[in-house]
Amino acid sequence: MTGTTHLARLRTRMLAAAYSNADFWTQRTAFLTDQAVAALARRDPTAAEALAASLMHPDPLHDTQVLGAAVEAGIDTSTWEERREKIRTYARDAYELSSKSDPETEATRIWASLYDNYPQIAEALAVFLREMPATWREDLFTTGPHSPAARRTASELPGPETAPYDPLDWEDCPACAEAQDQCRYHRGVFAGMEYQRDLITTALTDHAAIDQLQRRHAELEAKAAQSAAADASTPTTQ
């Protein structure tokens, strides 16, 4: 791609990622980045080329740069530090996690999140655990041929997030921040969107599906026409 501008290379990379990547967040970010750079290029091609060059060859980002840009834009950053610390508290470095999640680490994380987001439930849980009989370990976790614990298989996945999910804000969802991934709610929404996209793709590209849809559409139209004709022929009762 010798002689190609930074802007052209960046847009090629962003649009290819938006089309090909399997991750919803990556697709969305890549497409919006492309659209923002394209809008800038229409107004100031030189500035767009400089921005594309900086994106293609990124330097380490410092807090002062981000906060300075926020102040210039008139954005209130008073809650950002707390938000960042909370995300860092929830963060679990994938390189340090074993193939099976550590139960003690997950228990600590879940308790901290429960206490932070639902203190009344955390208090009730603490009371419940304190009132358990001294034989709780033998009663619940001794594995025998007929014990409930013997019939369970340990999951290798981390424990569930307990922070509340935000159905309207994907980027600032507390549950997603705790999971460092899509939370259970947004994972389900994304799966539904993928299923819907597959259905639409099939309806537009599969000839057998297209024929079936057209037949079904014709049947519904004929049924509607028959109903309308029957209603028209029925005398109105005075």
Side-chain angles (χ1 to χ4, degrees), residues 1-43 45 48-49 51-53 55-58 94 97 99-101 153 155-161 163-236:
M1 299 181 67
T2 304
T4 306
T5 63
H6 291 295
L7 179 62
R9 287 199 294 271
L10 176 65
R11 295 203 64 189
T12 300
R13 180 177 296 183
M14 292 297 100
L15 291 175
Y19 183 82
S20 306
N21 200 281
D23 181 71
F24 169 81
W25 295 108
T26 303
Q27 287 181 315
R28 185 170 183 267
T29 302
F31 182 72
L32 292 179
T33 301
D34 170 78
Q35 294 298 289
V37 174
L40 177 61
R42 288 191 289 269
R43 297 177 62 90
E49 179 66 14
L51 177 60
L55 289 173
M56 293 295 290
H57 305 284
L97 285 178
S99 58
K100 294 185 178 180
S101 59
T153 56
S155 173
E156 296 186 359
L157 298 175
E161 65 278 357
Y165 63 82
D166 189 335
L168 301 179
D169 195 337
W170 293 64
E171 295 183 353
D172 288 333
C173 172
C176 289
E178 179 184 347
Q180 290 294 290
D181 197 352
Q182 291 179 339
C183 66
R184 289 170 290 172
Y185 173 83
H186 286 123
R187 192 179 299 117
V189 171
F190 178 67
M193 293 170 61
E194 286 290 289
Y195 179 71
Q196 184 182 46
R197 186 179 69 173
D198 290 342
L199 287 179
I200 294 174
T201 302
T202 300
L204 294 175
T205 59
D206 188 284
H207 295 294
I210 293 173
D211 292 341
Q212 184 176 356
L213 286 173
Q214 290 176 339
R215 286 196 301 270
R216 181 57 178 162
H217 181 68
E219 291 173 1
L220 292 175
E221 283 192 330
K223 185 176 181 181
Q226 291 174 357
S227 298
D231 293 340
S233 61
T234 302
T236 304

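What you see is a predicted model, and the numbers here were worked out from it, not measured in a lab.
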Report the distance from atom OG1 of Thr33 to atom CG of Leu15, rounding to the nearest 0.5 Å.
10.5 Å
Who pairs with Glu221 by side-chain contact (heavy atoms from CB on, under 4.5 Å), at least two apart in sequence or on another chain?
His217
Those residues that, when tested against Ala16, pass side-chain contact (heavy atoms from CB on, under 4.5 Å) (two or more places apart):
none
Distance-minimising heavy-atom pair for Gln27 and Ala17:
CG-O, 4.1 Å
Using a cut-off of 6.0 Å, state whether more than 12 heavy atoms not belonging to Glu194 lie near its atom CD.
yes
Please round to the nearest 0.5 Å and tell me the distance separating atom CE of Met14 and atom OG1 of Thr29.
9.5 Å
Of the options Arg216, Lys223, Arg215, which is the one that meets Glu219 in a salt bridge (charged side-chain N to carboxylate O under 4.0 Å, His left out)?
Arg216
Spatial distance of atom CZ (Arg11) from atom CD (Gln35) [nearest 0.5 Å]
6.5 Å
Under the side-chain contact (heavy atoms from CB on, under 4.5 Å) rule, collect the residues that match up with Ala41, sequence neighbours excluded.
Leu7, Ala48
